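Since we're looking at a predicted model, the values are computed, not measured. Below, read A as the first sequence line, B as the second, and so on, with proteins coming before strands; counting in each chain starts at 1.
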Amino acid sequence: MKQFYLTTPIYYVNAAPHIGHTYTTIAAEVIARLKRAEGYEVVLATGTDEHGQKIERAAKAVNQSPQAFTDVVSGEFTKQWAELGLQIDRFKRTTDPAHHRKVQELFLRCQERGFVYKSSYTGAYCVSDELYANENKPGEPCPICGRILEEVTEENYFFKLSAFQDRLLKLYEEQPDFIQPEIRRNEVLAFVRGGLQDLSISRTSITWGIPVPNEEKHVFYVWFDALTTYVSAVDGEGRWPADLHLIGKEILRFHAVFWPAFLMAADWPLPKQIFAHGWLLFENDKMSKTKGNLLRATPITTVVGVDALRYFLLREVVFGSDGNFSLDALVARYNADLANGLGNLTSRTLTMIKQYRAGLVPTVPVLESVAAQIAATTQQAQAHYAKFEFSKALETIWALIGFLDRLIMEEKPWELAKRSEHERLDTVLCSTYRALEAICNLAHPVIPASIDKIRAQMGADGQVGDLTPVFPRLDAKLVIPQMQELEQAELARQNALLGKVAAPEADVSAVSPLSPEITIDDFVKVDLRVGLVISAEAVKGADKLLHLKVDIGEAEPRTIVAGIAKAYAPETLVNRKVVIVANLAPRKLRGIESKGMIVAASLEGGPPVLAAFLEEVPVGARLK
RNA sequence: GCCGGCGUAGCUCAGCUGGUUAGAGCGGCGGUCUCAUAAGCCGCAGGUCGAAGGUUCGAGUCCUUCCGCCGGCACCA
């Protein structure tokens, strides 16, 4: 039997499952069902990524061991998928000992084949991203997430990623479908063409991780660890390589560059395809914990049902692009397509068979026009499905529903019944019934539970069963507040469970850890002064830089280059009092020598906010 | 700054290699049947197709420039 193995990412357990995780997993599960319908023996794997300093610290914050902490969060994921009725075939945790062995095996193979070397590193390190920031200094914000970088000196194992540039480019060229959609492929292509740097794959600053073989202190870098779950999840089953890695676009590089390189180094088979979907936005805004606009799936599915969510996500969002999520849109889509569309068609079709034919499904030839529509719809929908164009596939299927509604209006079976035109009546009823069967077949992977209900009502033996609305109409005014209420409750429950980790206001992953303690003597080394911005202009060639002249009471105004252009228009800064670090070593930025640094606050890569005073302060005043 | 994508009816979007009056769904308005979940069906929406040039007999559809938004890279508090 032909096999198909696909994966979702393994989710990081620094947060409880939310709708973003759900989106990916539902999409994967739909693909799994589609492939099963095609006759494949399918395995869908997901799991949780549980190592790293962030988890170590998060566990500590709630007075738990890392293992106890991850047990809880990982359990939330298993529970979530069960609640949603998702058929998950393998669930791999990175804390699984069998997985540990697989990671070590991968490492040893890479090492044996000469793609790993040991080297030492001193410099800035971002705890949150578990990445070295070669270009930055400790104390500066992380280039990726904006959290303060810490100083580390580590001896590390490095992976010779640089050796794989050509092989990767060849892979992308020979398998144009390897990275999908096209736009993501181009991004990766551009990135790899730009040259690859060797990648540190071990950490000594962390203890919560998989030990590097033959080493005392080294633990594997998160991605070396995590990506390997795709192999370890089906270890010994002969299923690797995966046919599809379904991921979100934010982790594309790890999957499309690092992962194939690791596998090439180990001489293990490469996955067939990586598909990066877009983000689910909430009312056109990026969802995030800090914004507090992150939704959970259960409050939605409790009120409107799992299939409503499944249908919405796949119908409303163009798969691959970013999509908008809102409860309003969800309810609107439900009422229009599921209640008025499929639900109503089912209801009227089966009711007529009940009323006019005593519930016995007529067995006569189907109208030619209907047969043609069924064939065309099936062919088109399957073509769309094959390309993961879920929204188009569903649109196509729903066009058939419209066609049938119009057919019923034209044929008016109720009049045929009155006039006792039994032959025509049978033809029409049977045609509609058969078309409904086709719709069920096509829609089943997306809304399986509902289709099962419809099929039960359609009857298995030519006898229509009991009829109850499969998609009762929703009243937005009633249902949306219900979902919002449950959302609050669910959020509170998760917070209680995970401690403050998941709470927006005290999110340890958003608030950077404190820097090491210093003395007053250390502090006075930093000369902070009040300055008045004399002029400000954009630095050409840089998006984020402003070229400022700041008066701090010296003979000449200081030249300061500040990366605040995204947050402040130059003209709004003139005459504004700011705080600057006056004794910072000068540094050249974009060819301009910056003498000092503007003090600004920011959180999780958010925009910088300039420090300011509520009362009047003289220029040149020192802060202490 | 470089690379890529996008900007079409109130909303979400189709419009392939240029060719009659620019389309669909949703919402809204009007009409109508009654099998059906106050569902369905029919009709209406008059939108400078981001802006300005250009190529062409003819351009949302090709070219140039500009504006706006998004993403990647560079850069960065």
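Heavy-atom nearest nucleotides on RNA chain B were determined for A:V188 and for A:D337, and the one closer to the 5' end corresponds to A:D337. For the pair A:F191 and A:D322, both in contact range of RNA chain B, the more 5′-proximal nearest nucleotide belongs to A:D322.
Here the straight-line distance linking atom CG of A:D337 with atom CZ of A:F471 works out to 10.0 Å at 0.5 Å rounding.
Taking the charged nitrogens against the carboxylate oxygens, A:R419 and A:E415 do have a contact shorter than 4.0 Å, which makes a salt bridge. Taking 4.0 Å as the cut-off between side-chain N and carboxylate O, A:D527 and A:R529 count as a salt-bridged pair.
Between B:U17 and B:G1, the two P atoms lie 30 Å apart (nearest whole Å). The gap from the P atom of B:C26 to that of B:G71 amounts to 32 Å, rounded to the nearest Å. Of the C1' atoms belonging to B:C63 and B:G27, the separation is 39 Å, rounded to the nearest Å. Here the separation of B:U56 from B:A74, taken at their C1' atoms, is 40 Å to the nearest Å. The same atom, P, is picked in B:G15 and in B:G23; the two are 16 Å apart, to the nearest Å. Taking atom C1' in both B:A14 and B:A24, one finds a spacing of 7 Å when rounded to whole Å. When the P atom is compared between B:C62 and B:C2, the two are found 22 Å apart, to the nearest whole Å. Separation of the P atoms belonging to B:G58 and B:G19 is 14 Å when rounded to the nearest angstrom.
Note: NE2 (A:H547) to C1' (B:C76) measures 16 Å, nearest angstrom. Rounded to an integer number of Å, the gap from A:K249 NZ to B:C73 P is 12 Å.
At a cut-off of 3.5 Å, with distance as the only test, a side-chain donor of A:R473 or A:N340 sits close to an acceptor on the other residue.
Residue-environment remark: NZ (A:K595) stays at or below the threshold of 12 foreign heavy atoms within 6.0 Å.
Its glycosidic angle being more than 90° from 0, B:G71 falls on the anti side.
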For each nucleotide in nucleotides 29-40 of chain B, reading 5' to 3', give B when a protein heavy atom comes within less than 4.0 Å of its base, S when such contact involves only the sugar-phosphate, and - otherwise.
----BSBBB-SB
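Listed by first and then second residue, the side-chain hydrogen bond (donor to acceptor under 3.5 Å, both in side chains) pairs that reach into residues 341-355 of chain A are A:R348-A:D405, sequence neighbours excluded.
Cation-pi check for A:R333 over A:Y311 is not met; the charged atom does not lie both under 6.0 angstrom from the ring centroid and within 45 degrees of its normal.
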